Amino acid sequence: MDPRELPKKLVDAAGGKLDDVLSSPTTAKRVSDIENWLTRRRYTARMEEGELRGIHVVVHRGYVA
């Protein structure tokens, strides 16, 4: 990745250690949190629109073969 493509603010904050910042555990955690938030948001939206229906297990005591 070319550092010139990134905002100047990020490059200045990294202080020349851009690769260390991008591969740090803190960055990985933040990316993971954003991904989890988006997944929950999509799931909630689909539930509200009725695309997904909850799974209900109905126990029936019936005849035994």
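Keep in mind it's a predicted model, so treat the numbers as computed, not measured.
The side-chain contact (heavy atoms from CB on, under 4.5 Å) with Thr44 is formed by just one residue from the set Arg41, Glu48, Met47; it is Glu48.
By the salt bridge (Lys or Arg N to Asp or Glu O under 4.0 Å) test, Arg30 is found to be paired with no residue, residues two or more places apart in sequence or in another chain being considered.
Side chain of Thr39 to main chain of Glu35: a donor-acceptor pair is present (N/O by atom type, distance under 3.5 Å, no hydrogens or angles).
Linking Ile, Leu, Val, Met, Phe, Trp and Tyr whenever their side-chain heavy atoms come within less than 4.5 Å puts Trp37 and Ile34 in one cluster.
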